[in-house]
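Some notes on the structure that comes next.
Computed from a prediction, not measured in an experiment: that's the story for all the values here. Below, all heavy atoms of this structure are taken into account, side chains as well, without hydrogens, waters or symmetry copies.
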Amino acid sequence: MVHGRPKALLGHLSPGLWMLIGVVTATVEKEFSPDCREFVYMNTLPVGIGGSSTLAKICQRYNGKPRYLTLYDTAGRVPLYSAYTFKRSDGMKSVDVPWMYEPQLSTTSETGEMQYFPQGYMHQNFEDAQAVLEDYTNAIAYERGALNPDEHQGDPDDKAATYTLTNVVPQVREFSFGPWKAQEHAVRRRLNNYCRGTAYVITGIVPSGNHIRRYNMDRVTIPAYLWSAYCCIKYDHNAPYDERYKFPAYAHYGPNEKDSNQVLELSVKKLEDFIKKSTIVDKNFQLFLDDCVPPGSALP
């Protein structure tokens with residue numbers, strides 16, 4: 001059962017909103033380790049994000065390697081953002097990849113990697129700090145939408161690592177399969193064709209005060225908006241102008257709604273302004289170091 005509709009209101013935000021956590025290979029860390037910082041531009045995390053005890057930094061590790069990083073809100077049981085490096089891709093999705101979870105969010109674990117959901121009974125403690133598959137079973141209006149999408153990865157293990165619920169938020173079906181998926185593919189084609197170096201991507205949410213409910217309890221925060229930004233400083237300067245002006249950095253966001261859910265492309269600065277107006281971040285909030293302008297250079 002789903003309670004209410006997404007609303008981007010400051011007063012409805014969960015107390016765990018917007019603190020940096022996590023890095024891939026599903027290791028919960030106090031600070032992101034150097035090997036996980038490789039997934040953010042200049043090894044520098046977004047700044048201007050407040051702290052909270054309900055936020056966890058996850059280094060998303062899979063099959064022995066870090067794959068991307070996630071800042072996870074254990075109160076709302078959703079990622080606030082995932083940061084990853086884009087890999088050249090044909091846009092095909094993996095098939096038959098089981099969903100995974102992060103065992104260290106609930107208990108002390110001997111492994112630093114995401115794990116497949118076990119069969120049968122799970123102790124209640126398992127569900128306290130993260131979403132489980134049952135949360136989505138009866139929420140038929142919503143899809144499990146990945147912030148780091150399978151289609152933006154090339155290696156089979158990198159693709160498989162996106163199938164953890166710590167990388168997933170409830171996306172309205174019409175928005176997920178419509179404007180948002182179309183924009184993911186547009187960015188994939190753009191970076192495939194014109195990015196000549198590493199593309200750093202950060203995709204996140206503006207939470208609402210509404211939740212997927214189960215057993216008459218608020219379980220999973222429903223985003224009011226989804227947003228994404230990329231940074232690629234080495235790009236094709238001979239690209240057509242309608243693509244070239246979207247480098248070295250560009251962004252987009254859209255309302256997580258059934259109707260009136262168009263995605264808007266805009267500069268990273270304008271996205272940051274939108275996020276500042278829509279949720280709780282500091283005045284100095286910044287997604288990419290120096291706005292993705294490398295030292296000693298200037299935007300064309």
Side-chain angles (χ1 to χ4, degrees), residues 18-24 29 31-49 57 59-60 65-71 80-89 147-149 151-155 158 183-204 226-253 263-276 281-300:
W18 294 113
M19 171 184 171
L20 288 171
I21 307 177
V23 183
V24 294
E29 304 179 341
E31 297 296 336
F32 286 112
S33 56
D35 60 349
C36 269
R37 286 177 176 262
E38 294 178 2
F39 300 102
V40 289
Y41 174 64
M42 300 293 285
N43 299 322
T44 303
L45 297 163
V47 299
I49 298 175
K57 298 173 182 176
C59 186
Q60 302 280 18
K65 290 178 58 178
R67 307 289 170 175
Y68 59 101
L69 67 83
T70 298
L71 177 62
L80 296 185
Y81 70 72
S82 285
Y84 59 95
T85 51
F86 172 85
K87 312 297 193 306
R88 186 175 295 275
S89 167
L147 298 187
N148 173 10
E151 297 94 329
H152 281 193
Q153 301 299 328
D155 179 83
D158 287 338
Q183 186 62 34
E184 285 182 342
H185 283 301
V187 170
R188 177 185 59 81
R189 291 190 295 269
R190 183 180 304 151
L191 297 179
N192 270 350
N193 292 334
Y194 305 115
C195 180
R196 299 293 180 256
T198 301
Y200 300 92
V201 186
I202 304 174
T203 301
L226 274 78
W227 55 261
S228 185
Y230 64 80
C231 167
C232 171
I233 62 174
K234 295 182 180 179
Y235 61 94
D236 185 355
H237 289 259
N238 294 316
Y241 176 75
D242 60 352
E243 295 287 1
R244 189 173 70 248
Y245 83 88
K246 297 173 183 176
F247 286 93
Y250 219 58
H252 59 271
Y253 75 90
V263 172
L264 175 67
E265 281 200 286
L266 70 177
S267 70
V268 173
K269 268 292 189 185
K270 288 183 179 179
L271 174 64
E272 290 169 345
D273 289 341
F274 169 76
I275 293 172
K276 289 176 185 177
V281 292
D282 293 343
K283 292 182 179 179
N284 64 337
F285 172 66
Q286 188 176 63
L287 289 170
F288 300 116
L289 179 68
D290 296 330
D291 297 323
C292 187
V293 177
S297 67
L299 289 175

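- Between atom OH of residue Y235 and atom CG of residue L191 there is a gap of 13.0 Å, rounded to the nearest 0.5 Å.
- Distance check, rounded to the nearest 0.5 Å: CD of Q153 to OH of Y84 gives 7.0 Å.
- Looking at heavy atoms from C-beta onward, R67 lies in side-chain contact with D155 at the 4.5 angstrom threshold.
- The distance from atom OG1 of T198 to atom NZ of K87, rounded to the nearest 0.5 Å, is 8.5 Å.
- For the residue pair R190/Y230, the side-chain donor-acceptor check at 3.5 Å is satisfied.
- Here OH of Y245 is found 4.0 Å from OH of Y250. Values are rounded to the nearest 0.5 Å.
- Taking the six-membered ring for Trp and the full ring otherwise, the centers of F288 and Y200 sit at least 6.0 Å from each other.
- Considering only heavy atoms from C-beta on, Y41 comes within 4.5 Å of I233 through its side chain.
- The shortest distance between side-chain heavy atoms of L289 and V40 does not fall below 4.5 Å.
- Between V293 and P248, every side-chain heavy-atom pair lies at or beyond the 4.5 Å cut-off.
- Atoms OG1 and CG, on T44 and D290 in that order, are 8.5 Å from each other to the nearest 0.5 Å.
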Is there a side chain to side chain contact (heavy atoms under 4.5 Å, CB included) between L45 and L69 once you walk through the steps?
-> CA-CA 10 Å; L45 297 163; L69 67 83; 4.0 Å; yes
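- With values rounded to the nearest 0.5 angstrom, K246 atom NZ is found 4.0 Å from E265 atom CD.
- Taking the side chain as every heavy atom from C-beta outward, F247 and C195 approach each other to under 4.5 Å.
- Nearest heavy-atom pair across P66 and F39 is O-CZ, 3.4 Å.
- For the pair A229 and L271, the tightest heavy-atom approach, listed with the atom from each and the gap, is CB-CD2, 4.1 Å.
- Remark: the S82 side chain and the T203 side chain contain no N/O donor-acceptor pair separated by less than 3.5 Å.
- Classification of the F86-H152 ring pair by plane angle, with boundaries at 30° and 60°, yields perpendicular.
- At least one donor-acceptor pair closer than 3.5 Å links the side chain of E272 to the backbone N or O of L287.
- Distance alone, capped at 3.5 Å, is enough to place a donor-acceptor pair between the R244 side chain and the A239 backbone.
- Put simply, the side chain of D158 never gets that close to the backbone of G154: no donor and acceptor are under 3.5 Å apart.
- Within the 4.5 Å cutoff, side-chain heavy atoms of H252 are placed close to those of V187.
- Smallest separation of non-hydrogen atoms from C292 and C232: SG-N, 4.0 Å.
- A pairwise comparison of heavy atoms in E38 and T85 identifies O-CG2, 3.9 Å as the closest pair.
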